[in-house]
Amino acid sequence: MVSIRSSRIDNQSSRVEALLVACTPKRGLQAMVILVALVHVFSLDTLFMDQLFNPASDSDNDKLTDDLIEWLKSNGAFIDERLSIQHTDPSDPTSIRGLFAAHGPFEKGETLFSIPDKLIYDGQPRAVKQNADEIWRDNQHGDCGTAYEIHHAMQTGDTPYGRYLAHQPRRYVPGYWSPGGRELLGSILGDQLSSSHRGSVVEDRVPEDWLDYCEGATSDELEVHASMLVTARADGSEMIPFYDMINHRNGHWYNCQHDRNRKRGHFSLVTNQRVEQGEEFYLPYNTCTICGSRADKWGTIELFEDYGFVEPFPQRYMFQSVRLKFALDEKKSSHKPETAKMNADDENESDGLVVKWHVPPSQRGLDFLKTETERLQKVGNMKDELRLNVNGEQAILESEWNACWMLHHAMLFAFQAAIEHAPAVSVDVWKMSSIAWYKDRSGVGPPNRFY
């Protein structure tokens with residue numbers, strides 16, 4: 001069994017950036033298919049905290065993961081022996097790692113793993129925590145209690161899960177970035193593209209989400225790391241060992257889902273379709289069966305703000321102020337024949353990708369896209385200036401710089417493609433209710449809902 005995904009900076013970012021810059025909707029859509037694998041390298045824990053954290057080597061990660069799995073199994077967890085954690089690109093040792101059906105196929109409805117509740121960190125009971133003479137109390141918030149628990153586990157190293165978490169990348173979620181990184185992200189998203197569920201993207205989330213929200217918290221780096229891990233990896237307020245080894249992806253790639261039954265006292269993932277030997281398992285972080293309103297409202301931008309990565313295709317964009325919702329995906333021919341179900345007409349397909357519209361855009365929505373496309377182009381033209389501070393020094397961490405421009409290029413390409421392949425404008429979207437215009441009412445469950 002090999003280790004989980006490790007954080008690293010490599011030449012993938014420059015490869016992706018160069019390809020994206022060269023693409024336009026007319027001549028570049030086919031080239032974008034190549035990006036499906038490359039964009040994937042910016043998954044949950046690959047945003048290169050090289051200047052904040054020295055990640056464990058591959059051999060160290062192997063040991064940490066093997067110890068974690070052995071500990072889980074010895075304490076009642078089930079992990080199917082056909083599973084393997086390996087590089088997503090076997091020919092590239094710098095590629096991220098994911099969970100694979102390495103030793104045989106899985107039929108629909110099979111359990112991948114099942115973790116007993118006793119091994120899940122959930123902040124319960126909300127007891128007093130002791131750390132460095134600071135008494136922590138959690139009388140209101142389960143996620144605070146969870147952060148306290150995993151901090152204690154990381155600090156003491158008493159369990160393999162605590163040691164594993166302590167070696168995960170730090171501050172890869174945008175709200176935990178450096179001031180320069182958050183400012184750049186704010187410049188790229190502007191006033192209109194950022195989601196509102198987290199407030200301003202330029203704000204430091206440490207004071208609000210940790211210091212103010214959780215009584216007794218301090219700005220110690222390990223405590224901040226615990227807070228960020230709960231933000232980025234918890235399921236609700238539960239930190240579940242082994243669960244965060246599943247990469248995110250929607251569409252036909254979405255092949256496993258939650259099976260949570262508290263009466264049984266276990267947290268499990270099961271397949272929702274047949275998975276062939278050698279294929280990777282994916283669980284989307286926004287359209288899962290327990291994701292609630294995220295399933296219809298969260299897309300590429302929201303995922304970036306909450307997790308720090310640009311999702312691979314399919315990608316989805318939604319802007320409530322102008323009632324605009326569309327997605328980009330690979331053409332039907334690129335999908336598995338048995339699971340490909342696309343909501344697109346032939347005229348929207350072009351050179352390897354397809355633009356899918358949830359509802360036809362209004363003129364107001366199309367004008368919005370054109371305005372934001374022009375603004376993003378202007379921001380891109382200022383790229384060299386944005387990198388330096390007033391003293392001519394680099395003011396942004398390389399990891400944050402690369403992530404911001406990945407998002408910039410993804411949005412610019414998506415907007416240009418959407419404009420070029422937009423259906424006839426219609427006012428119908430404004431005649432719909434404030435929920436009906438964006439909610440998926442197809443009745444089709446995962447993995448075939450609109451994305």
Side-chain angles (χ1 to χ4, degrees), residues 3-9 42-57 60-61 64-65 67-68 96 120-123 129-134 136 138 141-182 198 203-245 285 304-309 397-400 403:
S3 72
I4 63 159
R5 303 157 297 179
S6 58
S7 174
R8 66 196 77 247
I9 183 166
F42 289 85
S43 183
L44 178 63
D45 45 357
T46 57
L47 287 184
F48 344 112
M49 300 314 298
D50 51 296
Q51 299 180 51
L52 284 175
F53 179 65
N54 184 23
S57 66
D60 288 340
N61 269 324
L64 288 166
T65 307
D67 288 349
L68 174 61
I96 65 168
I120 294 174
Y121 289 65
D122 60 1
K129 305 292 181 180
Q130 185 76 30
N131 172 59
D133 299 323
E134 292 288 338
W136 291 345
D138 179 37
H141 312 298
D143 48 350
C144 293
T146 303
Y148 299 154
E149 281 194 294
I150 64 170
H151 174 270
H152 179 75
M154 290 188 295
Q155 185 184 54
T156 62
D158 289 343
T159 66
Y161 189 44
R163 296 192 292 273
Y164 159 76
L165 291 175
H167 284 82
Q168 296 310 295
R170 302 190 181 185
R171 291 184 178 267
Y172 57 80
V173 172
Y176 292 78
W177 282 2
S178 68
R182 286 184 277 109
R198 290 285 185 190
E203 293 180 359
D204 183 357
R205 279 168 57 180
V206 174
E208 180 178 354
D209 287 8
W210 179 236
L211 299 179
D212 296 340
Y213 189 64
C214 297
E215 180 183 349
T218 75
S219 57
D220 172 79
E221 185 60 31
L222 193 61
E223 291 188 24
V224 172
H225 182 48
S227 171
M228 190 211 67
L229 286 173
V230 172
T231 298
R233 300 189 178 206
D235 195 277
S237 60
E238 295 182 329
M239 287 290 290
I240 304 159
F242 198 77
Y243 174 54
D244 63 353
M245 298 183 188
Y285 304 161
F304 186 90
E305 291 180 350
D306 270 20
Y307 302 110
F309 65 86
L397 293 176
E398 191 72 15
S399 57
E400 298 167 0

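- Distance alone, capped at 3.5 Å, places no donor-acceptor pair between the H151 side chain and the S227 backbone.
- What you find for P169 and R233 is that their closest heavy atoms are CD-NH2, 4.3 Å.
- With a 4.5 Å cut-off on side-chain heavy atoms, Y285 and D306 do not count as touching.
- Across F242 and L68, no two heavy atoms sit closer than the pair N-CD2, 4.5 Å.
- Scanning both residues, A232 and Y307, for their nearest heavy atoms gives O-CE2, 3.1 Å.
- Residues that satisfy the salt bridge (Lys or Arg N to Asp or Glu O under 4.0 Å) test with D67, not counting sequence neighbours, are K63.
- Taking both residues in full, the closest heavy atoms of Q168 and L229 are given as CB-CD2, 4.4 Å, listed atom of the first, atom of the second, then distance.
- Applying the side chain to side chain contact (heavy atoms under 4.5 Å, CB included) criterion to D158, with sequence neighbours excluded, gives T156.
- Closest approach of A226 and A147 over heavy atoms only: CB-O, 3.6 Å.
- Contact detail for R182 and D204: the closest heavy-atom pair is NH1-N, 3.3 Å.
- D235 CG to D122 CG: the interatomic distance, rounded to the nearest 0.5 Å, is 11.5 Å.
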**OP:** Begin from the C-alpha positions of I96 and F309 and carry the test side-chain contact (heavy atoms from CB on, under 4.5 Å) through to its verdict.
**Re:** CA-CA 13 Å; I96 65 168; F309 65 86; over 6 Å; no
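- Of the possible polar contacts, none joining the E305 side chain to the P174 backbone as a donor-acceptor pair under 3.5 Å is found.
- In terms of the side chain to side chain contact (heavy atoms under 4.5 Å, CB included) criterion, residue partners of T159 (sequence neighbours excluded) are, by chain and number, W71, Y121, A153, Y161.
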**OP:** Might you work through the side-chain contact (heavy atoms from CB on, under 4.5 Å) test for Y243 and I120, ending with a clear yes or no?
**Re:** CA-CA 10 Å; Y243 174 54; I120 294 174; over 6 Å; no
Subject >> Worked verdict on Y172 versus S399 for side-chain contact (heavy atoms from CB on, under 4.5 Å) >> reply: CA-CA 8 Å; Y172 57 80; S399 57; over 6 Å; no
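- Separation of atoms CH2 (W210) and OG1 (T231) is listed at 10.0 Å; rounding is to 0.5 Å.
- Taken from OG in S237 to CD in E149, the straight-line distance is 9.5 Å, to the nearest 0.5 Å.
- Between atom CE of residue M228 and atom CZ of residue R171 there is a gap of 9.0 Å, rounded to the nearest 0.5 Å.
- For the atom pair CG (L211) and CD (E223), the distance works out to 8.5 Å, reported to the nearest 0.5 Å.
- Here L222 contributes atom CG and I150 contributes atom CD1; the two are 9.0 Å apart, rounded to the nearest 0.5 Å.
- With E400 contributing its side chain and W177 its backbone, the two residues share no donor-acceptor pair below 3.5 Å.
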